[in-house]
Amino acid sequence: MRLRNVTGSREVIASSRFVVHEPFEQRGKWNEVFGSSNPIQIEIGMGKGQFMMQLAAQNPEINYIGIEKYSTVLLRAVQKMEVQEITNLRLIRMDAEEICEVFGKGEVSKIYLNFSDPWPKDRHAKRRLPSRQFLARYDEILADDGRIEFKTDNQALFDFALGELEPAGWKLEAVTRDLHHDEKMRIGNIMTEYEQKFSAMGNPIYKYCIYR
Ligand code: SAM
């Protein structure tokens, strides 16, 4: 979803008070950024931020951090935050490969992965955000009772993600292959931009919640 030709996106992000510009310096100290010891939940590959913004607005007792690799995409979330300021949400532009340098051991209570890029070629499997390589990183930063929630409309990516759980030492807490028609799991569901787009096309949405 990389948006091209967005002039000045880096400059707008650099001057935004909602973006944490030196995230590596906050490792182990994220409570100080928010000025509270509330639990921290993060979305990796946040895109334009709709999901994080709604979730944060609904749950003021939780602190949220949205992570996005590309400034041209992050810019959209920054622009929305300028209109609707949400005090318990911060944004970071970074590659999730460096996540362990940004969060300390057990510092995060939940990770959301929504409509992660599928990287269809086998040789790129380790770039997939629900891969065993990323699960090992999440294991470092998640609290002992932490959870990961993953949603996608991509069946191949979902099947791959399920196959990564056992070798990486994770267990399924809940799973559905049709989230929007699942009596239990659809309760409180917040749609992402991609979820709206693909469910409108008739695609079922897959979701798991995992723990270790
Ligand atoms: N989560 C949003 C949604 O559901 O609407 C966006 C989904 S979009 C398909 C995937 C997003 O993940 C893109 O914005 C992409 O730039 C971001 N992304 C992919 N790999 C990433 C990585 N390694 N670190 C951070 N962001 C990443």
Side-chain angles (χ1 to χ4, degrees), residues 1-6 9-10 12-13 18-21 23-24 26-27 41-56 64-81 89-103 108 110-121 123-142 148-158 160-161 164 176 179-180 185-186 188-201 203-209:
M1 76 179 286
R2 198 163 172 184
L3 307 174
R4 299 189 188 282
N5 304 323
V6 182
S9 56
R10 277 184 187 270
V12 173
I13 288 167
F18 307 115
V19 178
V20 178
H21 302 290
F24 299 91
Q26 306 309 329
R27 189 172 187 273
Q41 301 189 0
I42 67 176
E43 183 185 5
I44 303 179
M46 171 195 64
K48 299 180 201 166
Q50 171 172 300
F51 175 83
M52 274 276 102
M53 288 183 71
Q54 278 192 37
L55 196 61
Y64 292 92
I65 301 169
I67 294 170
E68 171 53 48
K69 188 170 173 179
Y70 294 110
S71 49
T72 48
V73 182
L74 186 67
L75 175 67
R76 303 304 190 193
V78 169
Q79 287 168 331
K80 285 190 219 162
M81 291 278 284
L89 173 60
R90 298 288 187 286
L91 311 174
I92 307 176
R93 192 197 64 74
M94 64 172 278
D95 189 321
E97 286 192 10
E98 297 182 299
I99 201 98
C100 296
E101 281 86 77
V102 166
F103 296 100
V108 173
K110 195 183 263 193
I111 298 175
Y112 298 94
L113 307 173
N114 291 320
F115 296 79
S116 308
D117 292 337
W119 292 105
K121 290 182 182 154
R123 70 173 189 275
H124 291 147
K126 64 176 188 290
R127 295 185 192 173
R128 298 172 191 155
L129 293 180
S131 67
R132 65 189 71 184
Q133 289 82 1
F134 271 100
L135 288 175
R137 295 180 177 111
Y138 306 150
D139 183 45
E140 289 278 308
I141 65 168
L142 261 187
I148 300 175
E149 293 191 10
F150 170 52
K151 291 196 279 189
T152 182
D153 72 319
N154 187 312
Q155 186 181 346
L157 180 64
F158 194 68
F160 165 84
E164 294 293 88
T176 177
L179 175 63
H180 294 176
M185 289 182 75
R186 71 178 186 183
N189 183 51
I190 294 175
M191 296 252 254
T192 76
E193 281 96 347
Y194 269 65
E195 187 170 354
Q196 278 177 333
K197 183 172 148 190
F198 290 119
S199 60
M201 290 163 61
N203 297 3
I205 306 301
Y206 305 84
K207 177 174 179 177
Y208 75 39
C209 178

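Start at 1 and go down the list; that is how both ligands and their atoms are numbered.
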What residues, two or more places apart in sequence or in another chain, satisfy salt bridge (Lys or Arg N to Asp or Glu O under 4.0 Å) together with Glu43?
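Listed in chain order: nothing, the list is empty.
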How would you list, by chain and number, every residue that makes a salt bridge (Lys or Arg N to Asp or Glu O under 4.0 Å) with Asp139, sequence neighbours excluded?
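Applying salt bridge (Lys or Arg N to Asp or Glu O under 4.0 Å) to Asp139 gives Arg212.
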Does a side-chain heavy-atom distance below 4.5 Å link Gln26 with Val20?
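Answer yes - side chains close enough.
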Looking at side-chain heavy atoms only, is the closest gap between Tyr112 and Met46 below 4.5 Å?
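No - every pair of side-chain heavy atoms lies 4.5 Å or more apart.
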At a 4.0 Å threshold, what atoms of ligand 1 neighbour a non-hydrogen atom of [X]?
X: Glu43; answer: 1 (N)
X: Thr192; answer: 3 (C), 4 (O), 5 (O)
X: Asn114; answer: 1 (N), 2 (C), 4 (O), 7 (C)
X: Lys69; answer: 21 (C), 22 (C), 24 (N), 25 (C), 26 (N), 27 (C)
X: Tyr70; answer: 16 (O)
X: Phe115; answer: 4 (O), 7 (C), 8 (S), 9 (C), 10 (C)
X: Glu193; answer: 5 (O)
X: Met94; answer: 24 (N), 25 (C)

Locate the shortest heavy-atom distance separating Leu89 from Ala56; write the atom from each residue and the value.
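That would be CB-CB, 4.0 Å.
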Shortest non-hydrogen contact between Pro23 and Ile92, atoms and distance:
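Between these two residues, the closest heavy atoms are CG-CG2, 3.6 Å.
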Nitrogen or oxygen atoms of [X] and ligand 1 under 3.5 Å apart:
X: Asp95; value: yes
X: Tyr194; value: yes
X: Phe134; value: no
X: Ser116; value: no
X: Ala96; value: yes

Using a 4.0 Å heavy-atom cut-off, which part of Gln50 comes near ligand 1: side chain, backbone, both, or neither?
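Looking at Gln50 and ligand 1, no heavy atom falls under 4.0 Å.
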Would you mind telling me if ligand 1 is within reach of the side chain of Glu195, the backbone, both or neither, using heavy atoms under 4.0 Å?
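Looking at Glu195 and ligand 1, no heavy atom falls under 4.0 Å.
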Rounded distance (nearest 0.5 Å) linking atom CZ of Arg132 with atom CD of Glu164:
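The CD atom of Glu164 is 4.0 Å from CZ of Arg132, to the nearest 0.5 Å.
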Taking atom CZ of Phe150 and atom CZ of Phe115, what is their separation to the nearest 0.5 Å?
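Going from the CZ atom of Phe150 to the CZ atom of Phe115 covers 8.5 Å.
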Compute both the distance and the angle, then confirm whether Arg93 meets the cation-pi test with Tyr70: under 6.0 Å from the six-membered ring centre, within 45 degrees of the axis.
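Judged by the rule (NZ or CZ under 6.0 Å from the ring centre, within 45° of its axis), Arg93 is not positioned above Tyr70.
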Arg128 to Trp119 six-membered ring, cation-pi geometry met (6.0 Å, 45°):
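No, Arg128 does not lie over the aromatic ring of Trp119.
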Does this structure show an ion pair linking Arg27 with Glu101, if we count only N-O contacts that are shorter than 4.0 Å?
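Not counted as a salt bridge, because no side-chain N and carboxylate O are separated by less than 4.0 Å.
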Compare Gln196, Glu68, Met46 and give the one whose heavy atom is closest to atom 17 (C) of ligand 1.
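When every heavy atom of Gln196, Glu68, Met46 is considered, Glu68 comes closest to atom 17 (C) of ligand 1.
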Of the choices Thr152, Asp117, Ile67, which has the non-hydrogen atom that lies closest to atom 19 (C) of ligand 1?
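Nearest option to atom 19 (C) of ligand 1, by heavy atoms: Asp117.
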